[in-house]
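Report on one structure; see the data block that follows.
Order of appearance sets the numbers: ligands from 1, and atoms from 1 within every ligand. Atom set for the values below is all heavy atoms of this structure, side chains included, hydrogens, waters and symmetry mates excluded. Remember, predicted model here, so these are calculated numbers, not experimental data.
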Amino acid sequence: MSRKQFCRLRVVLSAAKVRLSFYKSSLLFASAQGKEKTMKIRVYRKDEPDFQFGADYDEYFDGIDWRQAQMIYDGMLEADKLRKFEFFDRDVEPLKTYAYWVSSDEGDEPVGPAAVRIRSPEIWWPYSKICARIKALAEDNPALVRIAKVGATARGNDLEAIYAGNSKKMVALIGSVHPGESGPEIIIPALERMIKERKDLLTYIGIAALPSVGADEREKLVQGYPCYLRLNANGVDIDRNFDSDWEEMNDDLGYGLRSTDPESATYRGGAPASEPETRAIVNFIRDIPELSAVFSYHALASICGGAFLSAQRSAGDDDYSVRCRQLADWYVAGMYPAEEGGVALPGFSQGAWLGAHADCTSGSLPDWVYATRQAPAFDVEWDGYAPTKPCMQDLTTPKLMREHQTRHYNGLVNVIAHSR
Ligand SMILES: [Zn+2]
């Protein structure tokens, strides 16, 4: 095999185009040819229609043969500081996954593949957009809305909470505890619309929101990293990192994983609340005087259903279960109104309340809220509603996203209207 001429091939999605960057290898850079400003470069691309978000991981791309790819560029490129090349591919289609390689025209083995998935910024909001929308809400509604930093992510991004309405009694909304899952695209539009159309409700019960806890790793998905991501930048599952019987945690969810295993996708971390994201949530919840409920959004590709999971250990607590069921029922009645058949909608297989049989283990957010505040707290998941099933494979369309934002808005309006 001939030596590869390039290294550090990166492929990212940026404003609806794919940006490739790569460097001359150190041997090439040190050679006479390496001193040339321009060089003949070939770029190869292969469409990967079989790639499945949520099922396939990095290994999917191992060993894909560049010979089956299409050469999409064969021409001169100019190197920055004689070493770094950039190439833009603008001819890409939404929801496709592509693998790329680069080589010179001298018979060297192409470098790659590096893969990218073409995602819509309407479905996966960049961190900058989340911050801008939160800021605008506060600036446009100074009498009703305030924002406060409650912590930071492992990579040092600020985690800002937004508070609207009654600051004494609040419903808390938490997004993207798992980076590849829903949150900001549901929470922020619901809050914006509530402030615009139902300010009256917020005077009874306010909303406190922490829309994108998984901001660090979520940004990788925004930039086209193809595979589902669950852990924070330190490799910890935030929904196993809370200080509630953390030592006794023993995953038994049928995942085949141990949360004590640092290599597992449910790793609980080195100590309770070891992660800055966990501590941010703790600060956020602790500072709410009267906590009516906590909804933490999960499911995939920015869509979340109406399946409400609470702490396993609350199973014997009848009073708590009644309160949880009531809230879940109100939420679902708003999401799926009667004129559409309510929960009897075709494809709606699971119903609203999965209750304490379901899987919020010790160390999870709902378990910690139950243990410390006794407020109804839920991991909210996909509910089996067939029209939103495309989210499970990251095939959510902007139209589906908008319909779904309305459902969650209506669900929350119903919860607050009945809770006051
Ligand atoms: Zn999750």
Side-chain angles (χ1 to χ4, degrees), residues 53-55 57 123-125 153-154 159 172-187 209-222 225 227-242 244 246 249 251-259 261 264-269 275 277-278 280-281 285 294-312 328 331 350 354-370 377-385 388-394 396 404 408:
F53 182 80
Y57 291 89
I123 292 153
W124 295 90
W125 289 14
T153 63
L159 288 174
L173 310 179
I174 299 176
S176 193
V177 163
H178 293 141
E181 302 181 13
S182 53
E185 299 82 3
I186 291 173
I187 293 171
L210 190 54
S212 192
V213 174
D216 287 347
E217 292 289 278
R218 214 169 193 271
E219 200 66 1
K220 280 166 71 176
L221 296 165
V222 167
Y225 175 71
C227 313
Y228 167 71
L229 294 170
R230 180 181 170 95
L231 307 174
N232 79 343
N234 294 333
V236 175
D237 184 342
I238 298 304
D239 212 21
R240 302 287 183 278
N241 189 236
F242 286 85
S244 59
W246 178 92
M249 198 185 308
D251 273 347
D252 186 26
L253 312 178
Y255 289 178
L257 302 172
R258 290 181 200 279
S259 48
D261 171 7
S264 146
T266 59
Y267 178 47
R268 66 183 182 178
E275 301 311 299
E277 290 89 347
T278 313
I281 296 173
I285 295 291
V294 179
F295 297 102
S296 174
Y297 296 96
H298 290 257
L300 303 182
S302 306
I303 281 195
C304 181
F308 295 80
L309 320 188
S310 53
Q312 251 171 16
Y331 202 122
Q350 293 185 352
L354 299 187
H357 316 291
D359 58 12
C360 299
T361 62
S362 55
S364 69
L365 169 60
D367 187 81
W368 174 78
V369 174
Y370 174 68
F378 309 92
D379 278 352
V380 190
E381 295 279 0
W382 188 61
D383 49 20
Y385 179 51
T388 54
K389 197 171 181 184
C391 78
M392 302 306 271
Q393 290 181 15
D394 192 20
T396 305
H404 195 71
H408 279 279

- Atom of H178 nearest the Zn ion (ligand 1) (restricted to N/O/S, atom name only): ND1

- State, with a plain yes or no, whether a side-chain heavy atom of L365 is found less than 4.5 Å away from one of I174. yes

- Is the centre of the Y228 ring less than 6.0 Å from the centre of the H178 ring? no

- Note on the structure: Among N, O or S atoms, H298 approaches the Zn ion (ligand 1) most closely through ND1

- Message: Please name the atom of E181, limited to N, O or S, that comes nearest to the Zn ion (ligand 1).
- Response: OE1

- Do E277 and R218 sit within salt-bridge range, that is, some charged N less than 4.0 Å from a carboxylate O? no

- Salt bridge flag under 4.0 Å for residues D237 and R268: no

